2 protein chains.
Amino acid sequence: MEQLVKFESEFSIDCVIFGFEAGELKILLIERNDEPFKDWPALPGNLVENDEGIEEAAERILHELTGLDDLHMEQFHTFGDVHRHPRGRIITVAYYALIRIDSQKELKPGQLAKKALWHTVNDLPKLAFDHTEIFKTGFNKLRRRLSYQPIAYELLPEKFTLTQLQQLYEAILNKKLDKRNFRKKMLSYGFLKELDEKQKNVSFRAAKLYKFDRRKYSKIFQNELGVDV
Amino acid sequence: MEQLVKFESEFSIDCVIFGFEAGELKILLIERNDEPFKDWPALPGNLVENDEGIEEAAERILHELTGLDDLHMEQFHTFGDVHRHPRGRIITVAYYALIRIDSQKELKPGQLAKKALWHTVNDLPKLAFDHTEIFKTGFNKLRRRLSYQPIAYELLPEKFTLTQLQQLYEAILNKKLDKRNFRKKMLSYGFLKELDEKQKNVSFRAAKLYKFDRRKYSKIFQNELGVDV
DNA sequence: ATACACTGGTGTAATTTTTACACAATAGCT
DNA sequence: AGCTATTGTGTAAAAATTACACCAGTGTAT
């Protein structure tokens, strides 16, 4: 029976949950309750049930952790080194998820196994297991995908300013971009819809709000490189 | 014990093994010996042992299948739908491998579970399980990576002509490229070394041979986008 | 009300990259 | 010697990318 339990827990999902707030890119970390790595910060994750597909499992686990559904989740790598976990080989499929921190549906940390905190990606502590490596791999994938997938709009509120969009790009790519060139380029794609609305409650000139037009986006990019990516 | 065996076989590795021959991109398929999908063509693959990391397992399995070592292998996706395998949920980590078909060390089909055949990627039969989907996903990843990783040189013989290189790009990208522009671009990177040697045994003007200079390549691209990709 | 602080919004010129395109040179074969 | 097949080469136009600076609005403090 002990043997059986061991095999049941061979698989897990770990999530790098990205959020964007106050001009900074952040990820969600939990603090571990149990050994090994008790009290260490770690990526949220959980075991996969035996009768569950991994996509389902990823959605379930993320829901349990954040109370949110319908997030953009994407698998980016599977880690299965014999030594990555002290208890023996545990294979983990890593996903990243993108969430709007200022979402109406607030994140409910009470639903998390242990307290959860947002950490700026530029200043992460050492993480349990090989989670630092998992994070780095995920962050690099995110970076790459930024240029060919509409990732940014999952991290921003529905209505956003071009400055916010630019800050997000800068945070992900970790470099400064030129304001005029950035705007010219983004608008030239033709999938940003300018709204008749401006920022509220700011103590300076309010910026125009835009939203991402998914419909136009797919029309423009449907024949880019086959159907699936 | 029956239970135990069931858990032991939950994981597998499937490989999309690309090769390039006679101007065509091909993959290696086996024909299945057993039910389910007896006699169907399938991607070569095998179960992962319990005390084995997945990278190790991938190398071992590929070695058993082809007799080759030190191939460029890369994980590209993990498939774990409950219904992908009639026997229940079997998670498979998919890798692609790139091999030189005209390698000195010949492929030994005798070492394969069942006869193995090269198939042009443009004309594949229906494959067992979800292997068609796995292949497509892998092919798309290969395509993407072609533009930022020196993949092509793993598929060509050590010494190759620019025409061969172009044909390979055309096969992977599935489109015609302009000869002059292609050459200009490739040479501009500065990591192709022109040899003092020409093609032999051709009934037309022999082309210069080049080789890929891995040393220069890493020098040029080391600081492209962080260290790991 | 005026000045200040702060962010929003805009255009142009130079440079680089990408694209389109055609023909002479070479080697084997007859 | 002439035929055939493939190699190898340059230039001009178009498109994309880069670099760069100042006025316009809006709220706040005086």
Side-chain angles (χ1 to χ4, degrees), chain A residues 20-24 143 146-148 152 156-157 159-211 220-221 223-225, chain B residues 20-24 143 146-148 152 156-157 159-211 220-221 223-225:
Chain A
F20 183 63
E21 196 182 36
E24 291 195 313
R143 229 166 240 177
L146 182 64
S147 61
Y148 61 90
L156 291 173
K159 302 172 181 182
F160 53 84
T161 69
L162 292 179
T163 300
Q164 286 171 327
L165 184 62
Q166 182 176 346
Q167 283 170 343
L168 177 53
Y169 269 76
E170 290 177 341
I172 295 177
L173 300 175
N174 194 29
K175 65 177 177 194
K176 279 275 164 205
L177 300 173
D178 178 88
K179 183 162 62 157
R180 279 182 286 194
N181 294 337
F182 180 80
R183 286 166 179 239
K184 203 190 316 174
K185 185 150 223 264
M186 285 298 148
L187 294 173
S188 77
Y189 289 137
F191 53 66
L192 290 183
K193 189 166 168 186
E194 186 179 332
L195 302 176
D196 279 336
E197 217 175 326
K198 296 199 166 180
Q199 265 179 318
K200 301 274 185 208
N201 304 322
V202 285
S203 69
F204 45 79
R205 175 177 177 184
K208 275 185 213 156
L209 292 171
Y210 290 79
K211 70 193 241 193
I220 298 171
F221 290 103
N223 291 321
E224 272 288 278
L225 189 75
Chain B
F20 183 63
E21 196 182 36
E24 291 196 314
R143 232 167 237 178
L146 181 64
S147 61
Y148 62 89
L156 290 173
K159 302 172 181 183
F160 52 85
T161 70
L162 291 178
T163 301
Q164 286 171 327
L165 183 61
Q166 181 176 347
Q167 283 170 343
L168 176 53
Y169 269 76
E170 289 177 342
I172 295 177
L173 300 174
N174 195 29
K175 66 177 173 192
K176 279 275 164 205
L177 301 172
D178 178 88
K179 182 163 62 160
R180 278 182 287 192
N181 294 338
F182 180 80
R183 286 166 179 239
K184 202 190 316 175
K185 186 149 223 267
M186 285 297 148
L187 293 174
S188 78
Y189 289 136
F191 53 66
L192 291 184
K193 187 167 169 187
E194 186 179 332
L195 302 175
D196 279 336
E197 218 175 323
K198 296 199 169 183
Q199 265 179 317
K200 301 273 184 208
N201 304 322
V202 284
S203 70
F204 46 79
R205 176 178 175 184
K208 275 184 213 159
L209 291 171
Y210 289 79
K211 69 193 241 193
I220 297 171
F221 290 103
N223 290 321
E224 272 289 276
L225 189 78

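No experiment lies behind these values; they were computed from the predicted model shown. Lettering of chains follows the sequences in order, A, B, ..., and the numbering in each one begins at 1.
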- Query: Which nucleotide in the list C/dG9, D/dT7, D/dT18 gets nearest to the side chain of A/Lys184?
  - Reply: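 The listed nucleotide nearest to A/Lys184's side chain is D/dT18.
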With the side chain defined as heavy atoms from C-beta on, B/Arg183 is closest, among D/dT9, C/dT19, D/dA19, to D/dT9
Measure [atom1]/[X] against [atom2]/[N] and give the value in whole Å, please.
| X | N | atom1 | atom2 | answer |
| --- | --- | --- | --- | --- |
| A/Phe182 | C/dG11 | CZ | P | 18 Å |
| B/Lys185 | C/dT16 | NZ | P | 16 Å |
| B/Glu194 | D/dT9 | CD | C1' | 13 Å |
| A/Lys208 | D/dT26 | NZ | P | 12 Å |
| B/Asp178 | D/dG10 | CG | P | 15 Å |
| A/Lys200 | C/dT7 | NZ | P | 20 Å |
| B/Glu197 | D/dT7 | CD | P | 17 Å |
| B/Lys175 | C/dT18 | NZ | C1' | 12 Å |

Closest non-hydrogen contact found for A/Leu168 with A/Ala152 is CD2-O, 3.4 Å
Which heavy atom of A/Ala206 sits nearest a heavy atom of A/Gln199, and at what distance?
->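 That closest heavy-atom pairing would be CB-O, 3.3 Å.
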Pairs involving residues 186-195 of chain A, ordered by first then second residue, that meet side-chain hydrogen bond (donor to acceptor under 3.5 Å, both in side chains) (sequence neighbours left out):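 As it turns out, the side-chain hydrogen bond (donor to acceptor under 3.5 Å, both in side chains) pairs with a partner in residues 186-195 of chain A, which skip direct neighbours, are A/Lys185-A/Tyr189, A/Glu194-A/Lys208.
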If you apply the rule side chain to side chain contact (heavy atoms under 4.5 Å, CB included), what do you find for A/Phe20 with A/Ile172, and how did you get there? CA-CA 10 Å; A/Phe20 183 63; A/Ile172 295 177; over 6 Å; no
Evaluation steps, side chain to side chain contact (heavy atoms under 4.5 Å, CB included), between B/Gln166 and B/Asp178:
CA-CA 9 Å; B/Gln166 181 176 347; B/Asp178 178 88; over 6 Å; no
Review point. Contact class for B/Thr161 (heavy atom, under 4.0 Å): base, sugar-phosphate, or nothing?
Key: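 Nothing, no nucleic acid heavy atom in range.
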The single option from B/Arg143, B/Lys175, B/Lys179, B/Lys176 that satisfies salt bridge (charged side-chain N to carboxylate O under 4.0 Å, His left out) with B/Glu170 is B/Lys176
Next item on the list: Assess whether side chain to side chain contact (heavy atoms under 4.5 Å, CB included) is satisfied between B/Leu156 and B/Tyr210, documenting all intermediate values.
Entry: CA-CA 11 Å; B/Leu156 290 173; B/Tyr210 289 79; over 6 Å; no
Contact string for nucleotides 22-30 of chain C, one letter per nucleotide 5' to 3', B = base within protein heavy-atom range under 4.0 Å, S = sugar-phosphate only, - = neither, reads B--BBSS--
When A/Thr163 and A/Asn181 are each assigned the nearest nucleotide of DNA chain C, the 5'-most assignment goes to A/Thr163
